[in-house]
Amino acid sequence: MSTRSRPLSPHLQVYRPQITTVLSISHRISGIVNALVALGIAALLLSVAAGPDAYASFAAIAGSLPGKIALFLFTLSMSFHLFNGIRHLVWDSGRGFDIPTVYASGWTVVALSLISTAGIWFAVLGGAA
Amino acid sequence: MSLRDPLAQARGLGPAKHGTGHWWAQRMSAIALVPLVIYVLYLLVSLAGADYSTVRLSIAQPWNAVLLVLFIGTAFWHARLGLQVVIEDYIHTRWLEVGLLIAIKFTYVLLGLAAIFAIGRIAFTA
């Protein structure tokens, strides 16, 4: 008697990715990334408290190319989680659950995340130049 | 004001013996983090590329120090609550799940306190 040949119910990979599902898992992934960002901000504060040498080491890592790429992704992760978090808080109040609104708020979150990330990096690179 | 079920509030227990405490704390910290994250992003952008003394003096400003302490406390609390849910959802080996939950809690309490202490040191020795 084998249970192996029994049909399985459809799983994640048979469904086409949609804005609802992609943003849902993205909220979780960006939350995990942001938990690491929080530790990074703690490292910044500890380095400033420790003195100029420690801060210089921190600034060197943050200012390197891999550091800048990480900071860019952190900015995207923070802004996405911020805007999508507000979307979740609106849902928690019982509003915005009909499908057209869910799609519209989802694309709004995507647009706001991209615009704010671009704006922040325009300010950072413009200020440094 | 509370959205908790009155009976659960009277007993202080739900089926998980915690009621809606975790869910509610995650939302409260989320609401507080909306303005705090915008403020911290603004502060970090304004300090990008700045030299050591500028960064130190800026963090030592009373309002910056107070808001940074609030941000660290709230963000670390929110992060710990969120990571807890992720671990509970995906780790199905009980000893590993409990071990990770303890490690996450200890890490975020320790580093959160260390960061707050660092802000205090910067503010009081500037």
Side-chain angles (χ1 to χ4, degrees), chain A residues 25 27-59 62-63 68 71 74-75 77-79 81-94 116-117 119-129, chain B residues 3 23-24 26-27 30-31 33-34 36-38 40-53 55-60 65 68-69 71-72 74-83 85-87 89-90 104 107-108 110-123 125:
Chain A
I25 194 62
H27 195 67
R28 206 156 244 212
I29 293 166
S30 61
I32 297 168
V33 172
N34 291 352
L36 297 174
V37 176
L39 299 183
I41 293 173
L44 166 65
L45 293 166
L46 288 167
S47 79
V48 174
D53 291 343
Y55 177 71
S57 307
F58 181 91
K68 276 185 179 149
L71 286 177
F74 287 172
T75 314
S77 173
M78 290 283 278
S79 35
H81 200 84
L82 174 67
F83 291 120
N84 204 45
I86 293 169
R87 184 166 171 243
H88 269 281
L89 286 172
V90 174
W91 282 337
D92 289 335
S93 76
S116 57
T117 303
I120 285 169
W121 278 81
F122 186 76
V124 168
L125 297 176
Chain B
L3 297 185
W23 188 92
W24 188 243
Q26 187 96 60
R27 268 73 192 168
I31 292 168
L33 278 170
V34 171
L36 286 172
V37 163
I38 293 170
V40 166
L41 285 174
Y42 172 79
L43 183 70
L44 290 175
V45 167
S46 73
L47 291 176
D51 61 22
Y52 177 74
S53 57
V55 173
R56 191 180 177 104
L57 285 173
S58 178
I59 294 171
L68 278 171
V69 168
F71 168 76
I72 291 291
T74 315
F76 273 59
W77 187 29
H78 189 80
R80 206 279 291 174
L81 292 169
L83 290 175
V85 175
V86 173
I87 291 165
D89 281 355
Y90 300 134
I104 289 288
T107 303
Y108 277 80
L110 174 71
L111 292 178
L113 279 177
I116 288 168
F117 186 82
I119 298 165
R121 196 170 164 209
I122 293 163
T125 60

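Proteins come first, then strands; the chains are lettered A, B, ... in the order of their sequence lines, and each starts at number 1. Note that the coordinates shown come from a computational prediction; the quantities given were computed from them, not determined experimentally.
Of the atoms belonging to A38(A), heavy atoms from both backbone and side chain fall under 4.5 Å from chain B. If you measure heavy-atom distances from L39(A) to chain B, the contacts under 4.5 Å come from both the backbone and the side chain. Interface residue L111(B): backbone and side-chain heavy atoms are both found under 4.5 Å from chain A. Within the 4.5 angstrom heavy-atom criterion, only side-chain atoms of F71(B), from C-beta onward, approach chain A. There is no contact between F117(B) and chain A, counting heavy-atom distances below 4.5 Å. Both the backbone and the side chain of I31(B) come within contact range of chain A, each with at least one heavy atom under 4.5 Å from a heavy atom of that chain. At a 4.5 Å heavy-atom cutoff, the contact between I86(A) and chain B is made by side-chain atoms alone.
Evaluation of the side-chain hydrogen bond (donor to acceptor under 3.5 Å, both in side chains) test over residues 39-55 of chain A, restricted to residues two or more places apart or in two chains, returns none.
For the atom pair CG of L41(B) and CG of L82(A), the computed distance is 7.5 Å after rounding to the nearest 0.5 Å. Summarising the geometry, atom CH2 belonging to W24(B) is positioned 9.5 Å from atom CG belonging to D92(A); distances are rounded to the nearest 0.5 Å. To the nearest 0.5 angstrom, L68(B) atom CG is 9.0 Å from L44(A) atom CG.
Heavy-atom minimum distance, R28(A) versus V86(B): CG-CG2, 3.8 Å. Closest approach of A118(B) to L46(A), counting heavy atoms only: CB-CD2, 3.8 Å. Nearest approach of F76(B) to A42(A), heavy atoms of both residues: CZ-CB, 3.8 Å.
Contact annotation: the side chain of V124(A) never approaches that of L44(B) to less than 4.5 Å [non-hydrogen atoms, C-beta and beyond].
Between the side chain of Y52(B) and the main chain of V48(A), a donor-acceptor pair closer than 3.5 Å is present.
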